[in-house]
Asks: 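I have a structure I would like to understand better, so I am pasting it below and will then ask my questions one at a time.
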Amino acid sequence: MKVMIRSMIAAIALAPLCATAATAEEYYLSAQLKGANQVPGPGDAAAAATADIMLDTEKLRLCYTIAAKGLEKVSMAHIHKGAAGASGDPVVTLTVDGGGNAKACMDVVKDVASAIGASPGDYYVNIHNEALPAGAIRGQLVAE
């Protein structure tokens with residue numbers, strides 16, 4: 001009986017340490033990008049994209065897939081800080097092809113990863129092209 005009680009006490013004492021070591025901070029986010037969402041507008045009404053993101057705030061890793069249609073001569077893509085209806089500064093640069101498509105992983109800085117994980121709705125994905133250098137399509141991040 002004493003051995004069983006000691007084992008239970010040891011298990012209870014070690015539980016917080018085990019839980020902390022085994023907890024992964026993974027966030028699954030997505031965004032629906034449209035020209036109508038572009039701030040300031042106008043955006044490209046004929047273009048659209050879906051962005052799926054996995055953010056690991058423990059390993060400081062961001063993996064993303066962007067599937068776009070109707071975009072040409074894409075010049076850049078970012079994750080920006082900014083609530084819906086507001087524009088903001090880019091915090092993560094995403095690598096996309098000339099049509100706005102991508103599948104990649106990258107390292108991210110801790111402060112940015114933590115902030116996006118804590119409040120994804122305060123960030124948006126924006127794709128820019130030659131015709132609309134301020135931004136062709138945009139979508140707010142939402143947690144899945």
Side-chain angles (χ1 to χ4, degrees), residues 4 6-144:
M4 191 162 100
R6 284 186 191 149
S7 296
M8 289 174 56
I9 291 171
I12 291 168
L14 291 174
L17 296 175
C18 294
T20 302
T23 301
E25 295 296 329
E26 290 183 354
Y27 298 87
Y28 294 90
L29 313 169
S30 65
Q32 299 298 316
L33 289 73
K34 302 177 195 174
N37 297 340
Q38 186 56 43
V39 177
D44 185 340
T50 300
D52 293 305
I53 296 171
M54 190 285 299
L55 173 66
D56 188 323
T57 58
E58 184 178 305
K59 295 179 182 174
L60 302 178
R61 198 84 175 136
L62 184 141
C63 294
Y64 59 97
T65 301
I66 300 175
K69 61 181 180 179
L71 285 173
E72 293 181 357
K73 299 182 181 178
V74 168
S75 54
M76 61 185 132
H78 302 103
I79 297 174
H80 291 253
K81 178 156 179 51
S87 59
D89 293 329
V91 295
V92 177
T93 299
L94 305 171
T95 301
V96 294
D97 67 17
N101 297 293
K103 186 170 184 173
C105 291
M106 60 187 295
D107 294 332
V108 289
V109 269
K110 184 176 185 170
D111 293 347
V112 170
S114 296
I116 294 171
S119 189
D122 289 342
Y123 293 85
Y124 62 93
V125 177
N126 197 215
I127 299 178
H128 311 255
N129 63 10
E130 287 182 13
L132 296 162
I137 56 176
R138 166 191 169 143
Q140 286 307 120
L141 288 176
V142 295
E144 294 186 355

Asks: Please report the closest heavy-atom contact between V96 and A102, naming both atoms and the distance.
Replies: CG1-CB, 3.7 Å
Asks: What's the shortest heavy-atom distance between G117 and P120, and which atoms?
Replies: O-CD, 3.8 Å
Asks: Contact between Y124 and L141 at the side-chain level, heavy atoms closer than 4.5 Å - yes or no?
Replies: no
Asks: For residues S30 and D52, report the shortest heavy-atom separation together with the two atoms involved.
Replies: CB-OD1, 3.6 Å
Asks: Working to the nearest 0.5 Å, report the span between CD of E25 and OG of S114.
Replies: 9.0 Å
Asks: Which heavy atom of A134 sits nearest a heavy atom of N126, and at what distance?
Replies: O-OD1, 3.7 Å
Asks: Side-chain contact, heavy-atom cut-off 4.5 Å: M106 with T93?
Replies: no
Asks: As an exercise, state the distance from CD1 of I137 to CD of Q32, rounded to the nearest 0.5 Å.
Replies: 10.0 Å
Asks: So do the side chains of L29 and I116 get within less than 4.5 Å of each other, counting heavy atoms only?
Replies: yes
Asks: Which residues satisfy the side-chain contact (heavy atoms from CB on, under 4.5 Å) test with S119, sequence neighbours excluded?
Replies: D122
Asks: Can you find a pair of side-chain heavy atoms, one from K34 and one from R138, that are under 4.5 Å apart?
Replies: no
Asks: Here's a test for you: under side chain to side chain contact (heavy atoms under 4.5 Å, CB included), which of T57, D56, V108 qualifies with L62?
Replies: V108
Asks: What I'd like to find out is whether the side chain of D107 reaches to under 4.5 Å of the side chain of R61, using heavy atoms alone.
Replies: yes
Asks: Pair up each side-chain donor or acceptor in residues 65-88 with any protein partner under 3.5 Å, not counting sequence neighbours, and list the distances.
Replies:
residue : atom : partner : partner atom : Å
S75     : OG   : H128    : O            : 3.4
H78     : ND1  : H128    : NE2          : 3.4
H80     : ND1  : G88     : O            : 2.8

Asks: Please give me the minimum heavy-atom distance between Y64 and I53, naming the atom from each residue.
Replies: CB-CG1, 3.9 Å
Asks: Which atom pair, heavy atoms only, marks the closest approach of L60 to A113?
Replies: CD2-CB, 4.1 Å
Asks: Checking the side chain of Q140 only, and the main-chain atoms of Y123 only, is there a donor and an acceptor separated by less than 3.5 Å?
Replies: yes
Asks: Any side-chain heavy atom of V125 sitting closer than 4.5 Å to one from L33?
Replies: yes
